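The structure appears right after this line, and notes come after that.
Please read these numbers as outputs of a predicted model, since none were measured by experiment. In listed order, ligands and their atoms are each counted from 1.
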Amino acid sequence: MSKAKRHIETEAIRTQLKRTEFLEHTSPLYLTSSFVFEDAEDMRASFTEEKERNIYSRFTNPNTSEFVDKVCQMEGAESGYAFATGMAAIYSTFAALLKSGDHIVSARSVFGSTHTLFTKYFPKWHIETTYFDVNKPETIEACITENTKILYAETPTNPAVDIIDLDLLGRIAKTHNLILIIDNCFATPYLQQPMKQGAHLVIHSATKLIDGQGRVLGGITVGNTDLIREIYLFARNTGPALSPFNAWTLSKSLETLAVRVDKHCDNALKVAEFLENHPKVNWVKYPFLKSHPQYKVAKKQMKLGGNIVAFEVKGGIEAGRQFLNQLKMCSLSANLGDTRTIVTHPASTTHSKLSEADRLEVSITDGLVRISVGLEHAEDIILDLEQALK
Ligand SMILES: *Cc1c(COP(=O)(O)O)cnc(C)c1O
């Protein structure tokens, strides 16, 4: 069977380093900072890149290469580079591709630290960002200027679980000759592969569902070879590389991504349906609930609805805080995509520094609660939510 025809689940398991003389079944961990050269000629050819080989683990390492190869196979991307964290991937991708005077058009609802990069740090280098409202996609094109180089979005968004039409973003990027970059963290390469809709680069925080077990941090950017080459050269010289141990862990994690995400999504749908019928809940947002404003788009571009459910408890900011305090099993934690269900209240925590008006611009109402639905039995998750709502 030709390799190109294999399914994502198979690639996540069978994309593997060449076996050593020991014929190990699982790839070994290459905890080595550098690699040796056979002679001066080998060294010369390696440094001039006439030979493709490992030199130093800040550049490449067998474990990070295996992890990158897997994600490329799953996303349908040509090449990639793995980073120590998702933010290192996001920062390095922008820093490698942009110069002073360039302009970014981004969805307003992006991960908090990404927002901080755009508003606090990039302007220092005269890189400005214009935000569009994810629920008004017809306004995107008006944000584009002569200097716009990158179109950027996450879908589903954090924490409001809005959905952006990837086909539309792909068309806009093509018409205006922009680099389309998608943070695919919430969907994972199992549920959605934005390269198919015309993304040039796809970024993940591997810390979330890719590890999925709350153990290691990691990040990755995959996409077109010419762009990845620029990102690789930037990273090779600035040092945000993923550690071999974390790469080994993440590569093993990918082997179970599909079964884990299937179960996460199954549980999340059950939780969303429970909340939708609860009298103390104003509204629930989950991409695969018919009541989601972008339900049709979600169905078109995602295999399943993901593991994040957003809802609003009646009674505003105080009710949201109280709900969190009443939970007995679900964790209050900053992570998401873990085996353990995690509940957060953005208005009193992650987004508390924003004014209410600014929060509303990214769909965060005072009573909004975000649940990262875990892998516990759905009935136990629902029981905990139910007693806390009481
Ligand atoms: C967590 C997260 C990031 C940042 O990833 P880290 O691994 O924590 O640096 C970026 N984007 C999204 C959507 C995230 O959820």
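- Residues Ile182 and Leu169 meet the side-chain proximity criterion, which asks for heavy atoms closer than 4.5 Å.
- Here's the thing with Met87: one of its N/O atoms is less than 3.5 angstrom from an N/O atom of ligand 1.
- Within the 4.0 Å heavy-atom cutoff, Asn158 does not count among the residues contacting ligand 1.
- Here the side chains of Ile371 and Leu385 are in contact, with some heavy-atom distance below 4.5 Å.
- Residue contact annotation: Asn335 has no non-hydrogen atom under 4.0 Å from ligand 1.
- Any N or O atom pair closer than 3.5 Å counts here, and Thr207 shares at least one such pair with ligand 1.
- At a threshold of 4.5 Å between non-hydrogen side-chain atoms, the residues Leu368 and Lys285 do not count as touching.
- Taking a 4.0 Å cut-off on heavy atoms, Ala206 fails to register as neighbouring ligand 1.
- More than 12 heavy atoms of other shown residues, nucleotides or ligands fall within 6.0 angstrom of atom CZ in Arg58.
- Residue contacts with ligand 1, taken as heavy atom pairs separated by less than 4.0 Å, do not involve Val110 at all.
- Around the CD atom of Glu78, the shell of radius 6.0 Å holds more than 12 heavy atoms that belong to other residues, nucleotides or ligands.
- Counting only heavy atoms of the protein, atom 14 (C) of ligand 1 lies nearest to Lys208 NZ, 3.0 Å.
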